[in-house]
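Remarks on the structure that follows.
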Amino acid sequence: MTLGYAITAATATDVVIGVYDISGRMVRELVRGTHSPGQYVARWDGRDEGGSSVRGGMYFVLGRIDGSTVQS
C-alpha cells in the first residue's frame, strides 16, 4: 500500500501514521517524526512490527499531523 500525504504548515510538523486492525490494535507504525512542509509517501508491505505477514482482512490507516487526526 502506498499512501501520499502533504505537510502544508509553514513550519516543521510532528507526524505519526500507523496501520491498525479492525479491533483498533496497531499493526505497524509507518511514520514517526518531524517533517518539513512538502509532499511525502509512506509504504506498507503487509507486515507487522515484527516483520511477519499479516492475515488477510480489513485494515485502516490512522495518522496525526500537527495534532489533527486523519483516517483512511
Side-chain angles (χ1 to χ4, degrees):
M1 186 244 350
T2 302
L3 170 74
Y5 63 98
I7 305 300
T8 58
T11 60
T13 300
D14 290 330
V15 178
V16 178
I17 300 173
V19 176
Y20 294 79
D21 66 15
I22 197 82
S23 299
R25 291 180 297 229
M26 183 166 49
V27 174
R28 185 157 182 194
E29 188 172 78
L30 302 179
V31 176
R32 177 177 290 275
T34 303
H35 290 43
S36 299
Q39 302 284 326
Y40 296 89
V41 174
R43 290 184 173 82
W44 182 46
D45 59 4
R47 297 181 185 276
D48 65 16
E49 288 288 345
S52 299
S53 293
V54 299
R55 297 185 327 192
M58 292 183 65
Y59 296 88
F60 63 96
V61 175
L62 178 65
R64 287 197 171 279
I65 299 176
D66 197 26
S68 297
T69 301
V70 181
Q71 182 175 333
S72 174

Q) Which distance, rounded to the nearest 0.5 Å, do you find between the CZ of R28 and the CD1 of I17? A) 13.5 Å
Q) Does a side-chain N-to-carboxylate-O contact under 4.0 Å join R32 and D14? A) no
Q: List for me each residue that meets salt bridge (charged side-chain N to carboxylate O under 4.0 Å, His left out) alongside R25, sequence neighbours excluded, and say none if there are none.
A: D21
Q. Does any non-hydrogen side-chain atom of T34 lie less than 4.5 Å from one of V15?
A. no
Q | Closest contact, heavy atoms only, R43 versus L30 | A | O-CD2, 3.6 Å
Q: Please name all residues satisfying salt bridge (charged side-chain N to carboxylate O under 4.0 Å, His left out) with E49, sequence neighbours left out, ordered by chain then number.
A: none
Q: Check side chain to side chain contact (heavy atoms under 4.5 Å, CB included) between V54 and all other residues, then give those that pass, not counting sequence neighbours.
A: V27, W44, D48, Y59
**Q.** Minimum heavy-atom distance between T11 and T13, given as atom pair plus value
**A.** O-OG1, 3.1 Å
(Q) Could you work out, with salt bridge (charged side-chain N to carboxylate O under 4.0 Å, His left out) as the rule, every residue matching R64, not counting sequence neighbours? (A) none
Q. What heavy-atom pair brings A9 and P37 nearest, and what distance separates the two atoms?
A. O-CG, 3.0 Å
Q) In terms of ring plane angle, is the pair H35 and Y40 parallel, tilted or perpendicular, where the classes change at 30° and 60°? A) perpendicular
Q: Could you work out the complete set of other residues in the hydrophobic cluster of M58, with links drawn between I, L, V, M, F, W and Y side chains under 4.5 Å apart?
A: I22
Q: Carefully, step by step, assess I65 and I7 under the rule side chain to side chain contact (heavy atoms under 4.5 Å, CB included).
A: CA-CA 8 Å; I65 299 176; I7 305 300; 3.6 Å; yes
Q. Can you list the residues that meet the side chain to side chain contact (heavy atoms under 4.5 Å, CB included) rule with Y20, with sequence neighbours excluded?
A. M26, F60, L62
